Participant: 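Below you will find the structure I want to go over with you.
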2 protein chains.
Amino acid sequence: MLSNSRAAYRAHNHQRCIDAAMSRAHERCAERRARLTPIREAVLALIWQSHRPLGAYAIADKLPPVNGKKVQAPSIYRAIDFLLELGLIHRLPSQNSYIGCPFPGNEHSDVFMVCRGCGSAAEVSADALNQIIADTSQRSGFLLESQCVELTGLCLACRDGELP
Amino acid sequence: MLSNSRAAYRAHNHQRCIDAAMSRAHERCAERRARLTPIREAVLALIWQSHRPLGAYAIADKLPPVNGKKVQAPSIYRAIDFLLELGLIHRLPSQNSYIGCPFPGNEHSDVFMVCRGCGSAAEVSADALNQIIADTSQRSGFLLESQCVELTGLCLACRDGELP
DNA sequence: AAATAGATGAAATATTGTAACAAAATTGCC
DNA sequence: GGCAATTTTGTTACAATATTTCATCTATTT
Ligand SMILES: [Zn+2]
Ligand SMILES: [Zn+2]
Ligand SMILES: [Zn+2]
Ligand SMILES: [Zn+2]
């Protein structure tokens, strides 16, 4: 089971997460002959600033201005589309936000655990879960093409700290 | 495994779906001492007009005007919130739309199969899937509170008709 | 260098959702 | 029934998210 939940929810050297993500991004773009332009790279880096998903306008607000002008929404969305396409980020539809993918390129279901305490999201790729989803689809005669699984709750850290 | 995929994706007497849904809604409101007002009932009925999820503004457009005036967004969203609260409908976050729940009141995971061909959505409550999701959460130390599973692909009918 | 395709800038607009407060309807109580 | 409390709805304005369109600029290819 691939998972970044340990990293996402605990104190860790996050710079390593960032470095790894950016380096994977460069690799992947090279493979696909796609261009990781400055805007795209900046957006990806921003998304990886933490394990909390970011909305498009939050990204726009945090991006450093170019020539004194804020980068506008369409540019942000174009960068997001590009990164989604390459599988470098994922969208969390329930909150209109975007999160870096810790293992792009690997076959993996898109399963996220989103903590309502700290806001962090961890991606988990569980084969067993995948398998059940495939079985369930098949038994219903449904040709599965993609999926989106968002689990909401409290991560270990927030569970200890904040008694509900 | 509870599922309405047979009904949702095949020709069937849909009036029975509607009648059953409305009758369940009245029951459930009675239990909870909640009021199924005309607007709320109309919104629910509209959502049940088909097995295709509807957006809030689509509902607003289709609702018959009251005193010659269109029902405004806030009223629609209030009705939606009410129906969500009672478990009579679900939200599909990936497309900002709402779909009737075929078995409200029963314990059930929220799992949907959404056909990109015909747009219909079927709800499935699979214990095995539930169980795996619970296990996966627990193994990660994640306190699961709610979930949202959207499977996208082609239903049986669309698979036969439309060769991809 | 010219042509082409890809990427960004800029302005406007569309879509989805909420806040705030007034008006109306319903409920519970006397 | 009359009256206060509560709930629901109307109305207006606005916030947040996302897209369309067309012009301009940049990179790649020929
Ligand atoms: Zn990290
Ligand atoms: Zn947390
Ligand atoms: Zn039906
Ligand atoms: Zn279909």
Side-chain angles (χ1 to χ4, degrees), chain A residues 25-26 28-44 46-47 52-86 88-99 119 148 150, chain B residues 25-26 29-30 32-44 46-47 52-86 88-99 119 148 150:
Chain A
H26 281 282
R28 197 151 173 73
C29 285
E31 283 171 18
R32 303 279 209 92
R33 280 145 183 70
R35 291 163 50 199
L36 193 59
T37 63
I39 288 190
R40 291 167 178 174
E41 188 167 3
V43 168
L44 181 60
L46 248 181
I47 289 177
R52 272 184 295 280
L54 273 186
Y57 282 79
I59 294 171
D61 290 342
K62 296 188 177 202
L63 262 196
V66 178
N67 302 330
K69 290 203 141 195
K70 253 178 69 171
V71 180
Q72 299 299 308
S75 297
I76 306 291
Y77 280 104
R78 285 189 283 233
I80 286 173
D81 288 344
F82 173 87
L83 297 168
L84 284 173
E85 199 106 351
L86 265 80
L88 295 171
I89 63 174
H90 296 288
R91 176 178 153 85
L92 296 181
S94 73
Q95 45 178 306
N96 305 320
S97 65
Y98 306 88
I99 181 94
C148 153
E150 285 182 64
Chain B
H26 282 282
C29 286
R32 302 280 208 95
R33 278 144 184 72
R35 291 162 50 197
L36 194 59
T37 62
I39 287 190
R40 291 166 178 175
E41 188 167 1
V43 168
L44 182 60
L46 246 181
I47 288 177
R52 271 184 296 280
L54 272 186
Y57 282 79
I59 294 171
D61 289 342
K62 295 188 177 199
L63 263 194
V66 178
N67 302 331
K69 289 203 142 196
K70 252 178 69 170
V71 180
Q72 298 300 309
S75 297
I76 305 291
Y77 279 105
R78 285 188 284 234
I80 286 174
D81 288 344
F82 173 87
L83 298 169
L84 284 173
E85 199 105 352
L86 265 80
L88 295 171
I89 63 174
H90 296 288
R91 176 177 153 86
L92 296 182
S94 73
Q95 46 178 306
N96 305 319
S97 65
Y98 306 89
I99 182 92
C148 152
E150 286 182 63

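Every chain is numbered from 1, with letters handed out A, B, ... down the list of sequences. Just so it is clear, the structure is predicted and the values come from calculations on it, not from any experiment.
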Participant: Starting at CD of B/Gln72 and ending at P of D/dT12, how long is that distance when rounded to a whole Å?
Facilitator: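 Spelled out: CD on B/Gln72 to P on D/dT12 is 8 Å.
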Participant: What is the minimum heavy-atom distance between A/Pro93 and A/Cys148, and which atoms define it?
Facilitator: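 Where A/Pro93 meets A/Cys148 most closely, the heavy atoms are CG-SG, 3.7 Å.
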Participant: Between B/Ala34 and A/Gln95, which has a closest nucleotide on DNA chain D that is more 5'?
Facilitator: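 Here B/Ala34 is the residue nearer the 5' end.
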Participant: Output yes when at least one side-chain N/O atom of A/Asn96 is less than 4.0 Å from OP1 or OP2 of D/dA16, else no.
Facilitator: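 Result: no.
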Participant: Just checking B/Arg33: base, sugar-phosphate only, or nothing, at a heavy-atom cut-off of under 4.0 Å?
Facilitator: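 Touches nothing.
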Participant: Could you state the atom-to-atom distance from CD1 of B/Ile76 to P of D/dT8 in whole Å?
Facilitator: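 Value for this atom pair: 16 Å.
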Participant: Which value, rounded to the nearest 0.5 Å, describes the distance between B/Leu83 atom CG and B/Leu36 atom CG?
Facilitator: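 Interatomic distance, B/Leu83 CG to B/Leu36 CG, rounded to 0.5 Å: 7.0 Å.
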Participant: Drop me the distance from B/Ser94's OG to A/Asn96's CG, to the nearest 0.5 angstrom.
Facilitator: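 Separation between the atoms: 11.0 Å.
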Participant: Give a yes or no answer on whether the side chain of A/Arg91 reaches the backbone of A/Leu84 with a donor-acceptor pair at less than 3.5 Å.
Facilitator: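 Flag not set: sc A/Arg91 to bb A/Leu84 has no pair under 3.5 Å.
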Participant: Please list, pair by pair, any protein nitrogen or oxygen found under 3.5 Å from a nitrogen or oxygen in nucleotides 4-6 of chain D.
Facilitator:
none

Participant: What does nucleotides 21-30 of chain D look like as a protein-contact string, B for base, S for sugar-phosphate only, - for none, at under 4.0 angstrom between heavy atoms?
Facilitator: B-----S---
Participant: Could you pull out the closest heavy-atom pair between B/Pro53 and B/Gly119, with the gap in Å?
Facilitator: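 Heavy-atom minimum between the residues: CD-O, 3.3 Å.
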Participant: To the nearest 0.5 Å, what is the distance between CZ on A/Arg40 and OG on A/Ser75?
Facilitator: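 One gets 10.5 Å once the value is rounded to the nearest 0.5 Å.
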Participant: Among residues 54-67 of chain A, which residues get a heavy atom nearer than 4.0 Å to DNA chain D?
Facilitator: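 Nucleic-acid contacts, sorted: A/Tyr57.
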Participant: With rounding to the nearest 0.5 angstrom, report the CD1 to OH distance, B/Ile76 to B/Tyr98.
Facilitator: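 B/Ile76 atom CD1 to B/Tyr98 atom OH measures 11.0 Å (nearest 0.5 Å).
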Participant: Name the atoms and distances for all side-chain donor-acceptor pairs under 3.5 Å in residues 56-69 of chain B, with sequence neighbours left out.
Facilitator:
unit_1: B/Asp61; atom_1: OD1; unit_2: B/Lys70; atom_2: NZ; d: 3.1

Participant: Does A/Arg52, at its CZ atom, have more than 12 non-hydrogen atoms belonging to other residues, nucleotides or ligands within less than 6.0 Å?
Facilitator: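 Open.
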Participant: Looking at A/Tyr77, does any N or O in its side chain come under 4.0 Å of the phosphate oxygens OP1/OP2 on D/dA16?
Facilitator: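 A/Tyr77 to D/dA16 OP1/OP2: no side-chain N or O under 4.0 Å.
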Participant: What's the NZ-P distance between B/Lys69 and D/dG10, to the nearest Å?
Facilitator: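 Taking atom P of D/dG10 as the reference, NZ of B/Lys69 is at 10 Å.
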Participant: At a heavy-atom distance below 4.0 Å, which nucleotide of DNA chain C is the first touched by chain B, and which is the last?
Facilitator: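 Contact span on the strand: C/dT16 to C/dT26.
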Participant: If each of A/Arg91 and B/Phe82 is mapped to the nucleotide of DNA chain D with the nearest heavy atom, which maps nearer the 5' terminus, i.e. the 5' end?
Facilitator: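 Nearest nucleotide further toward 5': that of B/Phe82.
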Participant: Nearest 0.5 Å, what's the CD-CG distance between A/Glu41 and A/Leu44?
Facilitator: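 Result: 7.5 Å between the selected atoms.
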Participant: List for me each residue that meets side chain to side chain contact (heavy atoms under 4.5 Å, CB included) alongside A/Arg28, sequence neighbours excluded, and say none if there are none.
Facilitator: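 Checked A/Arg28 against side chain to side chain contact (heavy atoms under 4.5 Å, CB included); matches are A/Glu31, A/Arg32, A/Leu86, A/Leu88, A/Pro104.
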Participant: Stepwise, does the side-chain contact (heavy atoms from CB on, under 4.5 Å) test hold for A/Glu150 with B/Glu150?
Facilitator: CA-CA 9 Å; A/Glu150 285 182 64; B/Glu150 286 182 63; over 6 Å; no
